Amino acid sequence: MAVQAPSGTMSRSQTQRRKRIVQTAAALAVRGGVEAMQMRSVAERAGVALGTLYRYFPSKMDLVVAVVTEELDLLEGGIVRRPPTADTPAGRAVDVLLRATRGLMREPELADALVRSLIMADVKIELDVRISDLVWRVATGNLEGAAGEEGGGEVDRDGTGYVLVGSLTSVWIFELVEVLKGRRGVEEVERRLHTAAERLLADF
């Protein structure tokens with residue numbers, strides 16, 4: 001997958017154009033799922049040439065990742081403004097995952113896009129790692145560096161605590177799939193996540 005130019009190297013007009021493309025793709029996904037995010041349709045609705053769209057997003061999956069990343073930005077921003085208040089790391093971790101679940105289920109098609117982007121082997125951006133980073137920061141009470149900020153608190157991805165948080169994130173992804181398939185309700189997911197988090201993060 002080709003590497004997109006960092007947004008920091010774009011001019012203001014390029015940044016605005018990229019944002020318009022992502023918002024257009026998100027609107028199409030909400031109405032018709034990932035299948036509706038056809039590159040030609042996105043280009044036409046965003047008012048850009050197809051070649052221009054491909055310069056910003058070399059593949060459809062690049063565009064899916066951009067849409068999902070924007071959703072994660074919103075999630076992180078909300079958590080920074082209103083951090084979980086649970087007394088335990090497990091409770092705070094579950095709070096984050098439940099907010100993500102409820103937010104995604106308001107737009108099930110985007111939730112489907114998230115799951116696809118997490119499991120697609122050709123996606124180079126590790127969105128599951130980003131979610132684990134957020135849960136780890138909240139569980140440990142260190143929200144510095146969230147919402148895409150640079151220079152914040154470092155995440156110890158080699159530590160046992162982070163590995164356990166990653167395992168909890170994996171449980172959440174599976175539970176989200178079950179919700180999308182209609183096999184599980186959000187209340188049942190909450191119960192199961194609490195059970196898993198209390199065991200995995202008991203010694204946090």
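Predicted model, so just to flag it, every value in this text is computed and none were measured. Counting from 1, the numbers follow the sequence of the chain as shown.
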Margin query: Quick one, Phe57 with Arg18, criterion side-chain contact (heavy atoms from CB on, under 4.5 Å). Give me CA distance, side-chain angles, the key distance, then yes/no.
Written below: CA-CA 9 Å; Phe57 303 102; Arg18 184 185 187 280; 3.7 Å; yes

Item checked: From CA spacing to verdict: side-chain contact (heavy atoms from CB on, under 4.5 Å), Leu193, Val189 -> CA-CA 6 Å; Leu193 285 175; Val189 168; 3.7 Å; yes

Checklist line | Stepwise side-chain contact (heavy atoms from CB on, under 4.5 Å) check, Phe204 with Val165 | finding: CA-CA 10 Å; Phe204 224 64; Val165 165; 3.7 Å; yes

Next item on the list: Just do the side-chain contact (heavy atoms from CB on, under 4.5 Å) check on Tyr56 and Val22 with the steps written out, would you?
Entry: CA-CA 10 Å; Tyr56 284 92; Val22 173; over 6 Å; no

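Under a 3.5 Å cut-off, the side chain of Arg45 and the backbone N or O of Thr24 do not form any donor-acceptor pair. Side-chain atoms of Arg92 come within 3.5 Å of backbone N or O of Ala139 as a donor-acceptor pair. Side-chain atoms of Thr195 come within 3.5 Å of backbone atoms of Arg191 as a donor-acceptor pair (strictly under, hydrogens ignored). In this structure, the side chain of Glu76 does not engage the main chain of Asp73 through any donor-acceptor pair within 3.5 Å. Judged by distance alone, with hydrogens and angles left aside, the side-chain atoms of Thr69 form a donor-acceptor pair with the main-chain N or O of Val65 at under 3.5 Å.
Here the CD1-CG distance, from Ile79 to Leu75, works out to 4.0 Å after rounding to the nearest 0.5 Å. Within the model, atoms CE of Met39 and CG of Leu53 stand 4.0 Å from one another, a figure rounded to the nearest 0.5 Å. Here the OH-CG distance, from Tyr162 to Asp156, works out to 10.0 Å after rounding to the nearest 0.5 Å. Rounded to the nearest 0.5 Å, atoms CZ (Arg99) and CG (Leu74) are 13.5 Å apart. We find the CZ-CZ distance between Arg184 and Arg192 to be 3.5 Å, quoted to the nearest 0.5 Å. In this structure, CD on Gln23 lies 12.5 Å from CG on Leu28, to the nearest 0.5 angstrom.
Within a 6.0 Å sphere centred on CZ of Arg20, heavy atoms belonging to other residues, nucleotides or ligands number more than 12. Residue Arg183 places its CZ atom among 12 or fewer non-hydrogen atoms of other residues, nucleotides or ligands, all under 6.0 Å distant.
Annotation for Leu168 and Ala196: closest pair CD1-CB, 4.1 Å, computed over non-hydrogen atoms. The shortest heavy-atom contact between Gly166 and Ser132 is CA-OG, 3.7 Å. Taking all atoms of both residues into account, the shortest heavy-atom contact from Lys60 to Met37 is CE-O, 3.3 Å. Here the closest non-hydrogen pair linking Leu201 and Pro89 is CD1-O, 4.1 Å.
Side-chain atoms of Thr52 and Arg55 form a donor-acceptor pair, as typed in the model, at a separation below 3.5 Å.
Linking Ile, Leu, Val, Met, Phe, Trp and Tyr residues whenever their side-chain heavy atoms come within less than 4.5 Å leaves Val163 and Val96 in two separate clusters.
For the side chain to side chain contact (heavy atoms under 4.5 Å, CB included) criterion with Trp172, the lone passing option out of Val135, Leu97, Val177 is Leu97.
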